[in-house]
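Structure, as structure tokens:
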Amino acid sequence: QVQLVESGGGLVQAGGSLRLSCAASGRTFSNYAMGWFRQAPGKEREFVAALNWNGNITYYGDSVKGRFTISRDNARNTAYLQMNSLKPEDTAVYYCAASDGLGVAVILYHYWGQGTQVTVSS
């Protein structure tokens with residue numbers, strides 16, 4: 001079992017930046033690929049970014065490429081999502097998740113955090 005807790009969400013103006021953190025506890029953090037997903041009201045959960053166990057392979061959703069950066073610190077059992085050049089359409093609840101294998105599909109991820117709200121004002 002892996003427990004995940006997100007933090008760092010908030011209200012920011014368009015063009016601004018936020019860094020989300022995902023603190024993990026339980027099983028060995030470095031055993032898992034980590035992903036970030038988001039869900040806006042009335043929409044399906046959307047893939048944002050993912051990386052493998054040591055961070056040398058990363059995937060990004062098309063809507064965030066070039067603006068968001070995913071990273072991890074296995075010594076701190078923490079994953080991060082640096083979000084720059086934020087847009088109002090980035091407004092959503094952001095979730096971190098852990099998976100045995102790297103991928104972009106929601107179904108691959110067995111462990112989820114509770115989510116953190118990100119709101120981007122225009």
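Residues Thr116 and Arg38 have side chains that never bring a donor and an acceptor to within less than 3.5 angstrom of each other. A side-chain donor-acceptor contact under 3.5 Å links Asn84 and Ser17.
Interatomic distance, Ser21 OG to Glu6 CD, rounded to the nearest 0.5 Å: 10.0 Å. With rounding to the nearest 0.5 Å, the separation of OG in Ser25 from CD in Gln1 is 9.5 Å. Once rounded to the nearest 0.5 Å, the distance linking CD of Glu46 with CH2 of Trp36 reads 14.5 Å.
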Apply side chain to side chain contact (heavy atoms under 4.5 Å, CB included) to Ile70 and Tyr60, showing your working. CA-CA 8 Å; Ile70 189 171; Tyr60 292 94; 3.5 Å; yes
Would Arg19 and Leu81 satisfy side chain to side chain contact (heavy atoms under 4.5 Å, CB included), going step by step from the backbone distance to the final call? CA-CA 6 Å; Arg19 188 175 82 152; Leu81 184 68; over 6 Å; no
Walk me through whether Asp90 and Lys87 qualify under salt bridge (Lys or Arg N to Asp or Glu O under 4.0 Å). CA-CA 5 Å; Asp90 294 318; Lys87 305 175 181 180; over 6 Å; no
Is there a ring-ring contact (aromatic ring centres under 6.0 Å, His included) between Phe37 and Tyr95? Walk through the geometry before answering. CA-CA 5 Å; Phe37 294 78; Tyr95 299 90; 8.8 Å; no
Please assess Val12 against Thr119 for the test side chain to side chain contact (heavy atoms under 4.5 Å, CB included), listing each intermediate value before the final yes or no. CA-CA 6 Å; Val12 64; Thr119 303; over 6 Å; no
Side chain to side chain contact (heavy atoms under 4.5 Å, CB included) between Leu86 and Phe68, worked out: CA-CA 9 Å; Leu86 282 161; Phe68 290 11; 3.8 Å; yes
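Residues Tyr80 and Leu20 are not in side-chain contact: their nearest non-hydrogen atoms beyond the backbone lie 4.5 Å or more apart. Thr91 places a side-chain heavy atom less than 4.5 Å from the side chain of Gln117.
Using bins of under 30°, 30° to 60° and over 60° for the plane-to-plane angle, the ring pair Tyr32/Tyr111 lands in the perpendicular bin.
Judged by distance alone, with hydrogens and angles left aside, the side-chain atoms of Tyr109 form no donor-acceptor pair with the main-chain N or O of Val104 at under 3.5 Å. Between the Ser99 side chain and the Gly101 main chain, a donor and an acceptor come within less than 3.5 Å of each other. Side chain of Arg67 to main chain of Ser85: a donor-acceptor pair is present (N/O by atom type, distance under 3.5 Å, no hydrogens or angles). The main-chain N or O of Asn77 is never found under 3.5 Å from a side-chain atom of Asp73 such that the two would form a donor-acceptor pair. A donor-acceptor contact shorter than 3.5 Å is absent between the side chain of Ser63 and the backbone of Gly61. A donor-acceptor contact shorter than 3.5 Å is absent between the side chain of Asn52 and the backbone of Ala33. For the pair Gln39 (side chain) and Ala92 (backbone), a donor-acceptor distance under 3.5 Å is absent.
No more than 12 heavy atoms of other residues, nucleotides or ligands lie within 6.0 Å of OH in Tyr59, so this atom counts as exposed by the packing criterion.
A cation-pi contact, defined as under 6.0 Å to the ring centre and within 45° of the axis, links Arg72 to Phe29. In this structure, Arg45 satisfies the cation-pi test against Trp112, with its NZ or CZ atom closer than 6.0 Å to the six-membered ring centre and inside 45 degrees of the ring normal.
Trp53 is not connected to Leu102 by any chain of hydrophobic side-chain contacts under 4.5 Å among Ile, Leu, Val, Met, Phe, Trp and Tyr, and they are in different clusters. At a threshold of 4.5 Å between side-chain heavy atoms, the hydrophobic network of Ile, Leu, Val, Met, Phe, Trp and Tyr places Val118 and Phe47 in two separate groups. Linking Ile, Leu, Val, Met, Phe, Trp and Tyr whenever their side-chain heavy atoms come within less than 4.5 Å puts Leu51 and Val48 in one cluster.
Considering all non-hydrogen atoms of both residues, Ala14 and Ser122 come closest at CB-CA, 4.4 Å. Closest approach of Gln114 and Leu4 over heavy atoms only: OE1-O, 3.7 Å.
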